[in-house]
Amino acid sequence: MPDTITITDDRTGKTVTVPITDGVFPSSALRELDKNLFIYDPAFLSTAACRSAITYLDGDNGVLHYRGYPIEQLAEHSTYLEVAYLLLYGDLPNESQLKTWSYEVTHHTFIHENMRKRFVDGFHYDAHPMGMFISALGALGTFYNDAKNIFDAESRHKQILRLIAKAPTLAAMCHRFSVGLPFFLPDNSLSYPANFLNMMWKIGEYEVHPTLERAMDVLFILHADHEQNCGTTAMRVVASSNADPYSAAAAAAAALYGPLHGGANEAVVRMLTEIGTLDDVPAFVDDVKEGKGRLMGFGHRVYKNYDPRARIIKQTAYDVFEVTGKNPLLDIALKLEETALEDPYFVDRKLYPNVDFYSGLIYQALGFPVDMFTVLFAIPRMSGWLAHWDELLGDKDQKISRPRQWYAGPAERDYVKLGDR
Ligand code: ACO
């Protein structure tokens with residue numbers, strides 16, 4: 001069987017044959033047929049907008065690899081900083097590379113005093129931390145004019161370090177502001193996740209529990225990248241105009257904020273709280289089937305099987321609950337999962353728990369307010385966004401993102417004066 005596809009334009013009889021490589025054929029085939037012929041593909045269901053060597057995802061079989069490494073192995077053996085290096089530079093660091101990388105990240109964790117005082121103080125007392133975080137990313141870029149030198153490899157490396165290092169600092173700043181607590185400075189003697197937990201919770205005597213530090217690190221690893229999702233696509237689209245990485249990351253974070261994307265972890269906990277008791281689970285599932293809302297934390301554009309991250313998070317949740325005590329919403333979540341996975345509505349549509357179904361329960365057990373959940377997703381996703389940014393800038397096939405449209409408005413008509421309308 002030839003690995004080609006032949007497309008015939010029945011209007012003209014013109015035919016074009018192009019190769020299919022890894023299940024993909026180039027859209028240049030259409031341009032060859034007729035340069036004004038476009039594919040109508042809302043939400044990019046059948047469009048690959050780039051070639052990427054970062055993350056591999058097989059949604060039918062529930063497989064996720066970062067640079068070829070299965071997510072299960074990374075979650076078990078590595079740290080988030082190792083994974084961030086892997087995503088960005090293509091390979092796991094050796095000992096000396098990891099030492100340098102960790103040192104560099106650790107020594108970029110502080111933010112300018114004006115960010116902490118003047119910038120954050122301008123927010124209303126009940127501002128949502130994710131809204132603050134998105135704004136903080138854009139504002140951070142104004143402190144680094146060298147960020148505009150995006151074709152300078154050294155400058156790119158500097159911005160990567162800054163964004164990865166400062167993301168937890170900004171996140172903790174947003175939280176502390178929203179609860180009226182004084183800001184706590186980064187402690188460079190701590191690991192990446194421990195430093196974050198320390199900045200979040202330090203009041204008087206506080207020591208990060210090693211189990212919780214590891215759980216945070218595992219959650220960071222699981223959220224670090226997920227190929228061309230909505231947020232990463234926003235990052236690439238904005239970066240394709242050669243905008244600086246702070247502006248592009250702010251756009252990516254804004255996309256992540258939505259409840260159909262990274263905002264789902266927040267929506268899951270609200271949903272479980274609303275359900276309230278085990279007895280109310282079947283009625284809730286019936287309502288979803290009747291179209292009254294969605295089962296948040298279920299379903300995925302690409303996974304038509306159990307999200308491998310959800311499986312690892314479920315296990316991590318039990319480790320955390322051993323230290324913090326069980327989250328009372330866990331039983332409702334388990335019952336909901338069991339009910340949905342036995343119901344033909346969900347089975348037929350291949351709707352399984354996604355990464356957000358159990359992550360909120362851990363975040364809540366760790367003491368994070370629900371409003372912080374999407375911020376917790378954004379911290380590690382920064383390394384994925386930046387890996388895609390770097391890849392995009394080195395990709396000769398890329399140009400400024402500019403899709404076509406299928407115009408559906410009125411045909412040309414003459415202007416009607418105000419008095420004649
Ligand atoms: N609950 C109930 N029904 C659902 C759900 C759900 N969570 N998800 C999809 N469906 C149904 C749809 O109603 C549709 O049914 P139909 O064929 O009878 O019309 C069918 O399954 C296909 O759904 P689509 O919306 O076409 O799937 P799409 O790929 O566009 O959406 C999405 C994927 C947005 C994740 C969706 O499953 C959803 O809304 N899930 C809940 C929100 C969520 O958990 N988001 C987090 C995703 S993971 C992440 O972004 C980190």
Below 4.0 angstrom, N of the basic side chain to O of the carboxylate: do E274 and R270 qualify? no
For L278 against D331, the heavy-atom pair lying closest together: CD2-O, 3.4 Å
What pair of heavy atoms forms the shortest contact from I221 to S78, and how long is it? CD1-O, 3.4 Å
For Y40, I'd like to know if atom OH has over 12 heavy atoms of other residues, nucleotides or ligands within 6.0 Å. no
Going through the checks in order, is the side chain to side chain donor-acceptor pair (under 3.5 Å) test met by Q398 and S240? CA-CA 8 Å; Q398 294 294 333; S240 78; over 6 Å; no
Looking at Y89 versus W101, is the centre-to-centre ring distance below 6.0 Å? yes
Spacing of CZ belonging to R311 relative to CG belonging to N305, to within rounding of 0.5 Å: 7.0 Å
Is the number of heavy atoms from other residues, nucleotides or ligands within 6.0 Å of CG (D22) greater than 12? no
Give a yes or no on whether the backbone of P129 and the side-chain of S178 come within a donor-acceptor separation of less than 3.5 Å. no
Residues, nucleotides or ligands: over 12 heavy atoms within 6.0 Å of Y345 OH: yes
Pair Y56-E227, side-chain donor/acceptor within less than 3.5 Å: no
Side chains of N265 and V355: does their closest heavy-atom pair fall under 4.5 Å? no
Any idea which heavy atoms bring S247 and A243 closest together, and the distance? CB-CB, 4.5 Å
Between D217 and T79, does any side-chain donor sit less than 3.5 Å from a side-chain acceptor? no
Quick one: CE on M235 to CG on N229, what's the gap to the nearest 0.5 Å? 12.0 Å
Nearest 0.5 Å, what's the CE-CD1 distance between M382 and I164? 8.0 Å
How long is the gap from CG on L140 to CD1 on I111, to the nearest 0.5 Å? 7.5 Å
Would you tell me whether D319 and T211 have side-chain atoms, one donor and one acceptor, within less than 3.5 Å of each other? no
Could you pull out all donor-acceptor pairs under 3.5 Å where a side-chain atom in residues 149-156 meets a protein atom, sequence neighbours excluded?
from : atom 1 : to   : atom 2 : distance (Å)
D152 : OD1    : E154 : N      : 3.1
D152 : OD1    : S155 : N      : 2.7
S155 : OG     : D146 : O      : 2.9
S155 : OG     : Q159 : NE2    : 3.3
R156 : NE     : D390 : OD1    : 2.6
R156 : NH1    : I150 : O      : 2.7

Taking the side chain as everything from C-beta on, heavy atoms only, tell me whether L376 gets closer than 4.5 Å to M216. yes
Residues G276 and I332: closest non-hydrogen pair is O-CD1, 3.2 Å
Are the side chains of P168 and Y192 in contact, using a 4.5 Å heavy-atom criterion? yes
Are Y206 and V208 side-chain neighbours, meaning at least one heavy-atom pair lies under 4.5 Å? yes
Do you know which two heavy atoms are closest between Y85 and D91, and how far apart they sit? CD2-O, 3.3 Å
Residue pairs involving residues 302-328 (criterion ring-ring contact (aromatic ring centres under 6.0 Å, His included); sequence neighbours excluded): H226-Y303, H300-Y303
Approximate separation, where rounding is to 0.5 Å, of N61 CG and K304 NZ: 13.5 Å
With the side chain counted from C-beta on, respond yes when Y125 and F177 share a heavy-atom pair under 4.5 Å apart, and no when they do not. no
Taking T233 for its side chain and Q228 for its backbone only, find out whether a donor-acceptor pair lies under 3.5 Å. yes
Can you tell me which residue pairs pass the ring-ring contact (aromatic ring centres under 6.0 Å, His included) test with a partner in residues 237-287, sequence neighbours excluded? H128-Y257, Y144-Y246
Would E104 and H157 satisfy side-chain contact (heavy atoms from CB on, under 4.5 Å), going step by step from the backbone distance to the final call? CA-CA 10 Å; E104 285 186 316; H157 179 66; 3.1 Å; yes
So which pairs with a foot in residues 372-405 pass ring-ring contact (aromatic ring centres under 6.0 Å, His included), sequence neighbours left out? H223-F377, Y363-F373
Apply the test ring pair (Phe, Tyr, Trp, His ring centres under 6.0 Å) to residues F357 and F298: give CA-CA distance (whole Å), side-chain angles for both, the deciding distance (0.1 Å), then the verdict. CA-CA 7 Å; F357 193 66; F298 257 69; 5.2 Å; yes
Going by atom type alone, with no hydrogens or angles, which donor-acceptor pairs under 3.5 Å involve a side-chain atom of residues 30-39 and a protein atom two or more places apart or on another chain?
from : atom 1 : to  : atom 2 : distance (Å)
R31  : NH1    : S27 : OG     : 3.3
D34  : OD1    : N36 : N      : 2.8
D34  : OD2    : R11 : NH2    : 3.1

R176 side chain to P182 main-chain N or O, any donor-acceptor pair under 3.5 Å? yes
Answer yes or no: is there a side-chain heavy-atom contact under 4.5 Å between Y358 and V268? no
Check whether any side-chain heavy atom of V83 sits under 4.5 Å from a side-chain heavy atom of D225, and report yes or no. no
What pairs of donor and acceptor atoms, side-chain ones from residues 69-76 against any protein atom, are under 3.5 angstrom apart with sequence neighbours left out?
none

So salt bridge (Lys or Arg N to Asp or Glu O under 4.0 Å) across residues 186-207, not counting sequence neighbours, yields none
Are the side chains of V24 and I20 in contact, using a 4.5 Å heavy-atom criterion? no
Before you tell me yes or no, could you show the steps for E82 and H77 under side chain to side chain donor-acceptor pair (under 3.5 Å), namely the whole-Å CA-CA distance, both residues' side-chain angles and the distance that decides it to 0.1 Å? CA-CA 10 Å; E82 255 190 282; H77 301 295; over 6 Å; no
Using 30° and 60° as the class limits, which term best fits the ring planes of H175 and W201: parallel, tilted or perpendicular? perpendicular
Looking only at heavy atoms, which two atoms of S383 and P380 are closest? And how far apart? OG-O, 2.9 Å
All pairs passing salt bridge (Lys or Arg N to Asp or Glu O under 4.0 Å) where residues 354-369 contributes a residue, at least two apart: none
Name all residues meeting the side-chain contact (heavy atoms from CB on, under 4.5 Å) criterion together with A127; count only those two or more places apart in sequence or in a different chain, and write none if there are none. F123, M132
Sequence neighbours excluded and cut-off under 3.5 Å, please list the side-chain donor-acceptor pairs for residues 289-296, or say none.
from : atom 1 : to   : atom 2 : distance (Å)
K289 : NZ     : D343 : OD2    : 2.7
E290 : OE1    : K292 : NZ     : 3.2

Do any pairs count as a salt bridge (Lys or Arg N to Asp or Glu O under 4.0 Å) and have a residue in residues 110-121, sequence neighbours left out, and if so which ones? E113-R116, E113-K117
Nearest-0.5 Å distance, NE2 of residue H108 to CG of residue N188: 11.0 Å
Take L361 and L272 through the side-chain contact (heavy atoms from CB on, under 4.5 Å) test and state the conclusion after the steps. CA-CA 10 Å; L361 296 183; L272 296 174; 3.7 Å; yes
D3 and T21: side chain donor to acceptor below 3.5 Å: no
Listed once per pair and sorted, the salt bridge (Lys or Arg N to Asp or Glu O under 4.0 Å) pairs that draw on residues 233-252, sequence neighbours left out: R236-E391
